[in-house]
Amino acid sequence: MKDLLNRNKWPLVIFLAAFFIRLIYLIQSQSNPAFYHPMVDELWHLNWAREIIGGNFWGDGAYFRAPLYPYILAFFLKITGCSLFWTRLLQIIIASGSAVMVYLLGKKLFSHKVGLLAGLGFAAYGTMIAYETMLLIPVLFIFLNLVAVYLLYHFKGSHRWWHWFIAGLVLGMAAISRPNVLLLAPVFAIWIYLTAGKLDAKRRVTLAAIYLAGLLLPVFSVTARNMAVTGEFVLISSQGGVNLYIGNNSQTEGLTMLMPEINLDESLPWTEFANATRAAAEAEVGHSLTPAGESSFWTSKALGFILDNPGKFISLTFKKSVYFLLGFENSDQTDLYFSRKYSSLYSILLWNGVIYFPFGLLLPLAVIGAIVSWPDRRKLALIYLFIIGYMPTVVLFLVTARHRLPVIPFMLLFAAAGIMGLAKLAESRKWRRFTGLMALFLIVLILCNRTYFDIGFSNPAQTHFNLGLTYDRQGNLSMAEDEYLAAMRVNPNSATTLNNLGFVQYRLGKYDEAMKHF
C-alpha cells in the first residue's frame with residue numbers, strides 16, 4: 001500500500017488539491033440562493049434528470065440536447081436521494097479527476113514539473129470551478145476530452161485494435177455530451193494514421209477506421225434511440241440548427257442569445273425555449289415540423305444569413321474570435337463576477353482588476369509556452385490541433401466563458417511550459433531570448449485585458465431579476481421584492497419585472513404599491 005501511494009503521490013496531491021478547493025467553494029456557495037434553486041440550463045438539466053428517475057427513462061421525441069450528462073445527473077440524484085449538495089459533490093470528484101489527467105498529460109508530453117504546475121493550475125482555475133459545480137455539461141465533457149487525448153498519446157504506436165477502439169469510444173462519449181467535438185474526429189483519425197509507426201498504409205487506415213468505429217458506437221446508439229422514438233434520423237440532438245442560427249442572424253452580437261423571431265429575455269421562461277423556437281419555425285413555414293425538420297429550418301436560416309450577408313458574417317466572426325481571446329469571462333448562466341460575493345475563496349480565484357484573472361494571465365503564458373515548445377511540435381501536435389480546431393466550434397455559435405472551457409486544460413499545459421521555459425532561459429542567462437519573450441508576453445497581456453466591441457459589459461438588471469425570481473420561488477417575498485426593485489432601478493421599463501414586483505407586493509399586502517407597478 002505504501003509503495004502504491006509513493007508511486008502515485010503526485011496524482012493524489014493534484015486530486016486532493018482540486019477536490020478540497022472545490023469543496024470549500026461548494027460549502028461557501030450554499031449562501032447563493034441559486035444553489036438549491038437552479039435556473040436556466042441548470043434547471044433544464046435538473047428537470048430532465050428528474051424525469052429520467054421518475055420513470056420516463058427514454059423520454060419523448062428526439063433529444064433536444066445531447067443526453068449523456070442528464071443521464072449521469074439522474075444517476076447522481078438517484079444515489080444521493082436527490083440532494084443537490086451531494087450531487088454537486090459527486091461532480092467535483094469528476095472535476096478532480098480532470099486535474100489529474102492534466103498532470104498526466106503534462107508529465108507525458110513535457111515534464112513532471114510542467115504537469116504538476118498545469119495540474120495545480122487546473123485545480124485552482126476559478127472559472128472552471130464555478131461551472132464544474134453547476135448542473136452543467138462541462139464537468140463531464142472536459143474530463144472525457146482529457147481522457148480521449150491522453151489515450152491517443154498512451155496508445156501511440158500500438159498495433160492492438162482494441163486500444164484504438166477504446167480511445168474512439170471515449171471521444172464518442174464526449175460527443176454525446178456535446179456534439180461539436182465530432183468536428184475534431186477526422187483530425188484525430190489522420191493523426192492516428194500518421195503516427196502509426198512502421199505499419200503499411202492499409203494497416204494504418206484500418207486502425208484509424210477502428211478508432212472511428214469506437215467513436216460512432218455511442219453516437220449511433222443515440223441515433224438509433226431517436227429513430228426508434230420518432231422515426232426520423234437525428235444524429236444526437238435537434239438543437240444544433242437553433243444554436244447555429246442564434247450565433248448567426250441579423251440581431252446577434254456573438255455574446256448573448258438573440259433571435260429576431262423570439263424575444264429571448266426574462267419574459268420567456270427557459271423551460272419554454274424549445275417550444276418557442278418550434279412555434280416560430282412552424283409559423284414561418286405554415287405547417288408543423290418534426291424535430292429534424294425544425295433543426296434543418298434554423299440551419300437553412302443561418303446559412304441564408306451567412307450567404308446573403310458575407311461582409312456582416314465576416315465582421316461578426318472576427319468579433320467573436322476577439323471575444324474568444326479576451327480575458328473577460330462572458331457569463332451565460334449567472335454573472336460570474338457578481339457570484340464572487342458568495343465565496344471568499346472564489347473572489348481570490350476570479351476577478352477583474354488590472355487584468356481579467358485568470359484567463360487574462362493564462363493566454364499570454366500559453367502563447368509563450370506554444371512558442372518555446374515549437375521544437376517539439378510533432379509530439380505536441382494533438383494539443384495544438386485541439387486548441388486550434390476547437391476554437392471555431394465555439395466562434396461559429398456564441399462565445400461564452402462556459403463554451404471556451406474545453407480548451408483551458410490544454411492552454412494550461414502550454415502556460416506551464418511557458419513558465420518553465422522562461423525560468424530555464426533566465427537560469428542559463430540567455431537574456432536576449434528571455435527579453436524578447438517577455439516583451440511578447442507583455443504585449444499579449446495588454447491586448448487581451450482590454451475591452452473591445454461589446455465585451456466587458458454586465459447585465460445587473462438581469463442578475464437582480466434572476467435573484468428576485470429565485471427568492472420568489474423560495475417564498476422569501478421580502479428579499480424577492482428587494483431584488484426586483486434593484487432590477488427596476490437599472491431597467492425601469494421591464495414589463496416582466498414590473499409584473500413580478502407587483503405580484504410579490506400584493507402577496508406582502510402592499511396593495512397600493514402593487515397596483516402602481518401592475
Measuring from atom [atom1] of [X] to atom [atom2] of [Y], what distance do you get when rounded to the nearest 0.5 angstrom?
X: Arg450; Y: Leu445; atom1: CZ; atom2: CG; value: 13.0 Å
X: Leu136; Y: Leu405; atom1: CG; atom2: CG; value: 10.0 Å
X: Leu477; Y: Asp482; atom1: CG; atom2: CG; value: 11.0 Å
X: Leu244; Y: Leu398; atom1: CG; atom2: CG; value: 10.5 Å
X: Thr252; Y: Asn249; atom1: OG1; atom2: CG; value: 5.0 Å
X: Ser238; Y: Trp298; atom1: OG; atom2: CH2; value: 13.0 Å

Can you see which heavy atom on [X] is nearest to which on [Y], and at what distance?
X: Pro38; Y: Leu46; answer: CG-CD2, 3.7 Å
X: Leu104; Y: Pro11; answer: CD2-CG, 4.5 Å
X: Gly502; Y: Ala514; answer: O-CB, 3.2 Å
X: Ala95; Y: Arg22; answer: CB-NE, 3.6 Å
X: Gln28; Y: Ser31; answer: O-OG, 3.0 Å
X: Leu215; Y: Leu171; answer: CD1-CD2, 3.4 Å

Restricting to side-chain contact (heavy atoms from CB on, under 4.5 Å), what partner residues turn up for [X], sequence neighbours left out?
X: Ala487; value: His464, Phe465, Thr497
X: Ser83; value: Thr80, Phe85, Trp86
X: Ala34; value: Asn32
X: His517; value: Leu498, Leu501, Gln505

[X] side chain vs [Y] backbone, donor-acceptor pair below 3.5 Å:
X: Ser29; Y: Tyr25; answer: yes
X: Asn56; Y: Ile52; answer: no
X: Ser339; Y: Asp335; answer: yes
X: Thr223; Y: Val219; answer: yes
X: Asn449; Y: Gly327; answer: no
X: Tyr342; Y: Phe35; answer: no
X: Ser331; Y: Leu336; answer: yes
X: Arg404; Y: Phe324; answer: yes
X: Asn330; Y: Val399; answer: yes
X: Asn500; Y: Leu469; answer: no

* **Exercise: do Thr277 and Glu294 side chains pair donor with acceptor under 3.5 Å** => yes
* For the residue pair His37 and Tyr471, confirm or rule out a side-chain donor-acceptor distance under 3.5 Å. => no
Should [X] and [Y] count as side-chain neighbours, where that means a heavy-atom distance under 4.5 Å?
X: Val139; Y: Tyr131; value: no
X: Val394; Y: Val407; value: no
X: Val395; Y: Tyr323; value: no
X: Ile446; Y: Phe441; value: no
X: Pro364; Y: Cys448; value: yes
X: Leu84; Y: Leu77; value: yes
X: Pro33; Y: Gln474; value: yes
X: Ile21; Y: Leu349; value: yes

Can you tell whether the side chains of [X] and [Y] come within less than 4.0 Å, N to carboxylate O?
X: Glu481; Y: Arg507; answer: no
X: Glu253; Y: Lys320; answer: no
X: Glu42; Y: Arg88; answer: yes

* Contacts of His45 that satisfy ring-ring contact (aromatic ring centres under 6.0 Å, His included) - sequence neighbours left out -> Tyr69
* **Verdict with reasoning, Val181 to Leu144, per side-chain contact (heavy atoms from CB on, under 4.5 Å)** => CA-CA 11 Å; Val181 77; Leu144 291 172; over 6 Å; no
* Can a cation-pi geometry be assigned to Arg65 and Trp44, taking NZ or CZ under 6.0 Å from the six-membered ring centre and within 45° of the ring axis? -> yes
* Asked: Quick one: is the NZ or CZ of Arg489 closer than 6.0 Å to the six-membered ring centre of Tyr484, and within 45° of its axis?
  -> no
* Verdict with reasoning, Thr133 to Gln91, per side chain to side chain donor-acceptor pair (under 3.5 Å) -> CA-CA 7 Å; Thr133 50; Gln91 288 197 174; over 6 Å; no
* Given Arg402 and Glu132, is the salt bridge (charged side-chain N to carboxylate O under 4.0 Å, His left out) satisfied, shown in steps? -> CA-CA 10 Å; Arg402 174 168 56 125; Glu132 285 172 337; over 6 Å; no
* Given Thr393, which of Leu182, Asn180, Leu184 fulfils the side-chain contact (heavy atoms from CB on, under 4.5 Å) condition? -> Asn180
With under 30° as parallel and over 60° as perpendicular, where do the rings of [X] and [Y] fit, or are they tilted in between?
X: Trp48; Y: Tyr63; value: tilted
X: Phe357; Y: Trp351; value: parallel
X: Phe15; Y: Phe19; value: parallel

* Structure fact -> Residues passing the salt bridge (Lys or Arg N to Asp or Glu O under 4.0 Å) test with Arg340, sequence neighbours excluded, are none
Should we say atom [atom1] of [X] is surrounded by more than 12 heavy atoms from elsewhere, each under 6.0 Å from it?
X: Lys108; atom1: NZ; result: yes
X: Phe75; atom1: CZ; result: no
X: Tyr506; atom1: OH; result: no

* **Close aromatic pair by centroid cut-off 6.0 Å: Phe328 and Tyr337** => yes
* **Step-by-step side-chain contact (heavy atoms from CB on, under 4.5 Å) determination, Val149 to Phe386** => CA-CA 9 Å; Val149 173; Phe386 192 98; 4.3 Å; yes
